[in-house]
Amino acid sequence: MTDYAIILGGGKGLRMGNDVPKQFLPVGDIPILMRTIRRFREYSSTLKIILVLPERRHEHWARLCEDYGFCENYEIANGGETRFHSIRNGLAHVPDNAEGVVAVHDGVRPFPSVEVIDRCFETARREGSAVPVTDVIETLRHVSNNGTSATVPRNEYRLVQTPQAFDIQLHKRAYRQDYNDGFTDDASVVESLGHDITLVEGNRENIKITTPFDMCIAEVIAAQQQTRG
């Protein structure tokens, strides 16, 4: 039995207002994507890591790895037209007869706790799926097409994170489907097969770095973790 992690390193970083894609920007002392990969390696020294990168970014990534002396063990897959197709390309690196768990994670989420990663893998091993979530702590309002709005009970909603983990064979079967716009994450793809999704507790530090404000928060988290570590 072998476990896999597919880490998505795509994204243009348009909302970051920077010519350099956000996954390559440094947080603390290393680029975001390297920090993410190292967190999964911290979880397991035997985990098979598949990094999905747009082909045009391979050379840039290779230079960064040389500059930072980054030599973690992983494979590289080419990115696709959409997130769905990128994950499908990553799954192609997982043998068709493989048994175990595969997790998919956003490369610009460098702070999943090791405990959450472990929780996702072990829950998916038992239940077939595991998706980390956190509580909604702010008031939510639903806005209708006509512009009216109403407060909705926030205790009925959760914020979804990654890694999202699944039985390998289930995940491969899900990604043999044709793409549609309703596939917003792995859970939605697997759910379309009629498979229930198991939710697990995530960690609030596991932010997705998208904007300059997120970078500021990430620097604080990185500094705190370095102090504790």
Side-chain angles (χ1 to χ4, degrees), residues 1-10 33-52 72-77 80 83-135 157-177 179 182-208 225:
M1 182 177 295
T2 303
D3 291 338
Y4 293 80
I6 297 173
I7 297 178
L8 301 174
L33 195 51
M34 294 181 187
R35 186 178 288 274
T36 302
I37 293 171
R38 282 185 174 170
R39 181 55 57 91
F40 277 81
R41 187 55 69 211
E42 183 182 350
Y43 158 70
S44 170
S45 61
T46 60
L47 181 69
K48 301 290 186 181
I49 296 176
I50 301 164
L51 173 62
V52 182
E72 296 290 348
N73 187 27
Y74 59 89
E75 297 181 38
I76 291 185
R83 178 190 177 93
F84 176 91
H85 296 96
S86 291
I87 295 169
R88 179 183 279 174
N89 290 351
L91 274 174
H93 286 246
V94 179
D96 286 340
N97 62 350
E99 295 183 358
V101 172
V102 58
V104 178
H105 187 69
D106 298 317
V108 289
R109 289 185 185 269
F111 303 117
S113 70
V114 171
E115 292 78 14
V116 166
I117 297 173
D118 179 72
R119 189 177 301 137
C120 289
F121 273 95
E122 294 310 311
T123 300
R125 212 178 306 284
R126 296 191 309 269
E127 306 293 338
S129 67
V131 172
V133 298
T134 59
D135 291 337
Y157 295 86
R158 297 293 183 271
L159 300 177
V160 177
Q161 302 179 330
T162 65
Q164 298 185 5
F166 305 89
D167 172 82
I168 289 174
Q169 292 304 314
L170 171 63
H171 204 235
K172 277 184 166 286
R173 188 164 71 252
Y175 274 86
R176 293 189 189 106
Q177 300 178 94
Y179 170 75
F183 292 157
T184 57
D185 64 356
D186 290 85
S188 61
V189 180
V190 171
E191 204 168 30
S192 69
L193 293 179
H195 195 285
D196 290 337
I197 300 300
T198 302
L199 303 182
V200 300
E201 184 181 356
N203 64 296
R204 197 162 295 281
E205 299 86 357
N206 186 18
I207 63 171
K208 186 175 183 179
Q225 292 188 351

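Given the structure is predicted, the values throughout are model-derived calculations rather than measurements.
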Check for a donor-acceptor pair, side chain of [X] on one end and backbone N or O of [Y] on the other, with a separation under 3.5 Å.
X      : Y      : value
Thr36  : Val108 : no
Ser86  : Gly80  : yes
Asp3   : Leu47  : no
Gln169 : Ala98  : yes
Ser44  : Thr46  : yes

Minimal non-hydrogen separation, [X] against [Y], with atom names:
X      : Y      : value
Cys120 : Val200 : SG-CG2, 3.9 Å
Thr123 : Ala130 : CB-CB, 3.8 Å
His105 : Pro163 : ND1-N, 3.2 Å
Val101 : Ala165 : CG1-CB, 3.8 Å
Phe183 : Gln177 : CZ-NE2, 4.1 Å

Exercise for the section: Take Arg158 and Asp135, measure what salt bridge (charged side-chain N to carboxylate O under 4.0 Å, His left out) needs, and give me the verdict at the end. Expected result: CA-CA 5 Å; Arg158 297 293 183 271; Asp135 291 337; 3.3 Å; yes
Exercise for the section: Give the C-alpha distance, both sets of side-chain angles, the deciding distance and a yes or no for side-chain contact (heavy atoms from CB on, under 4.5 Å) between Ile197 and Leu199. Expected result: CA-CA 6 Å; Ile197 300 300; Leu199 303 182; 4.3 Å; yes
Distance, nearest 0.5 Å, that separates [atom1] of [X] from [atom2] of [Y]:
X      : Y      : atom1 : atom2 : result
Thr2   : Ile168 : OG1   : CD1   : 7.0 Å
Lys172 : Asn97  : NZ    : CG    : 9.0 Å
Glu191 : Asp185 : CD    : CG    : 8.5 Å
Leu33  : Leu51  : CG    : CG    : 5.0 Å
Gln161 : Ile207 : CD    : CD1   : 10.5 Å
Arg39  : Glu42  : CZ    : CD    : 5.0 Å

Handout entry: side-chain contact (heavy atoms from CB on, under 4.5 Å) between Asp186 and Tyr175, intermediate numbers included
Key = CA-CA 9 Å; Asp186 290 85; Tyr175 274 86; 2.9 Å; yes
Practice task
May I ask you to decide if the ring planes of Tyr43 and Phe121 are parallel, tilted or perpendicular, using 30° and 60° as cut-offs?
Solution key: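 If you compare the ring of Tyr43 with that of Phe121, the planes turn out parallel.
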Problem - Phe166 and His171 aromatic ring geometry - parallel, tilted or perpendicular at 30°/60° bounds - result: parallel
Exercise for the section: Test Ile87 against Val52 for side-chain contact (heavy atoms from CB on, under 4.5 Å), laying out the working first. Expected result: CA-CA 8 Å; Ile87 295 169; Val52 182; over 6 Å; no
Exercise for the section: Answer yes or no: are there more than 12 heavy-atom neighbours, outside Glu201 itself, under 6.0 Å from its atom CD? Expected result: no
Handout entry: Enclosure of Glu99 CD (heavy-atom neighbours >12, cutoff 6.0 Å)
Key =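 Count not over threshold, so no.
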Handout entry: Arg35-Gln225 side chain donor-acceptor pair, cut-off 3.5 Å
Key = no
Handout entry: Worked verdict on Ile76 versus His93 for side-chain contact (heavy atoms from CB on, under 4.5 Å)
Key = CA-CA 9 Å; Ile76 291 185; His93 286 246; over 6 Å; no
Please list, one pair per line, the donor and acceptor atoms closer than 3.5 Å that link side chains of residues 109-118 to other protein atoms, with sequence neighbours excluded.
from: Arg109; atom 1: NE; to: Asp106; atom 2: OD2; distance (Å): 3.1
from: Arg109; atom 1: NH1; to: Asn206; atom 2: O; distance (Å): 2.7
from: Ser113; atom 1: OG; to: Val116; atom 2: N; distance (Å): 3.0

Handout entry: Student check: side-chain heavy atoms of Pro95 and Tyr4 closer than 4.5 Å
Key =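 Pro95 reaches Tyr4 side chain to side chain.
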